Amino acid sequence: MDGAYPAIEERLGSLIIEGQRQEVWIRSSPDTDGTWHNVLLFRRDGKLSSPEAVAAGVDWHVPPGIALRRAQELGEKEQINLFQRANRPRPPLF
C-alpha cells in the first residue's frame, strides 16, 4: 500500500467524561506493509472545542469494519479508562 489508502474513521458514539461530551471514533489506517493500525479518538463536542482529538491506541490491528465491531464491544468504563490513560502526563524523552 502506497498511501492510496487514507485513514478511515468510523463513529462509535459519545460519552460524558468529566462533565464534557466526547464524540468517540475509531480510526483505522494501513501502513506500507498492509498492517492496519487502530486508535480510538475522543473529540470534545461543542462550538468552542479544540479541533484536536485525544488519541488512545488499542491492542488490535484489524481493518475498518472489524475495528468498529471490536470498539463497540468495549464497555463505557473501558472507553473512559482509555481516554484517561491517553491524557496522563508522560515523562520527558531523555
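Not measured: the values here are computed from a predicted model.
Closest approach of Arg44 and Gln22 over heavy atoms only: N-OE1, 3.3 Å. Residues Leu40 and Val58 come closest through the heavy atom pair CG-CG1, 4.2 Å. Between Ala86 and Ala55, the closest heavy-atom pair is CB-O, 3.3 Å.
The distance from atom CD1 of Ile26 to atom CD1 of Ile8, rounded to the nearest 0.5 Å, is 12.0 Å.
Looking at Phe42 and Val24, their side chains come closer than 4.5 Å, going by heavy atoms from C-beta outward.
Formation of a donor-acceptor pair under 3.5 Å by the Asp33 side chain with backbone atoms of Thr35 is not found in this model.
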For residues 72-85, which side-chain N or O atoms pair as donor and acceptor with protein atoms under 3.5 Å away, sequence neighbours left out?
| unit_1 | atom_1 | unit_2 | atom_2 | d |
| --- | --- | --- | --- | --- |
| Glu78 | OE1 | Gly75 | N | 2.7 |
| Asn81 | ND2 | Lys77 | O | 3.4 |

Quick one: side chains of residues 60-71, donor-acceptor pairs under 3.5 Å with protein atoms, not counting sequence neighbours, listed by atom name and distance.
| unit_1 | atom_1 | unit_2 | atom_2 | d |
| --- | --- | --- | --- | --- |
| His61 | ND1 | Trp36 | O | 3.0 |
| His61 | ND1 | His37 | ND1 | 3.3 |

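Every residue meeting the salt bridge (Lys or Arg N to Asp or Glu O under 4.0 Å) condition with Arg21, not counting sequence neighbours, appears here in chain and number order: Glu23, Asp45.
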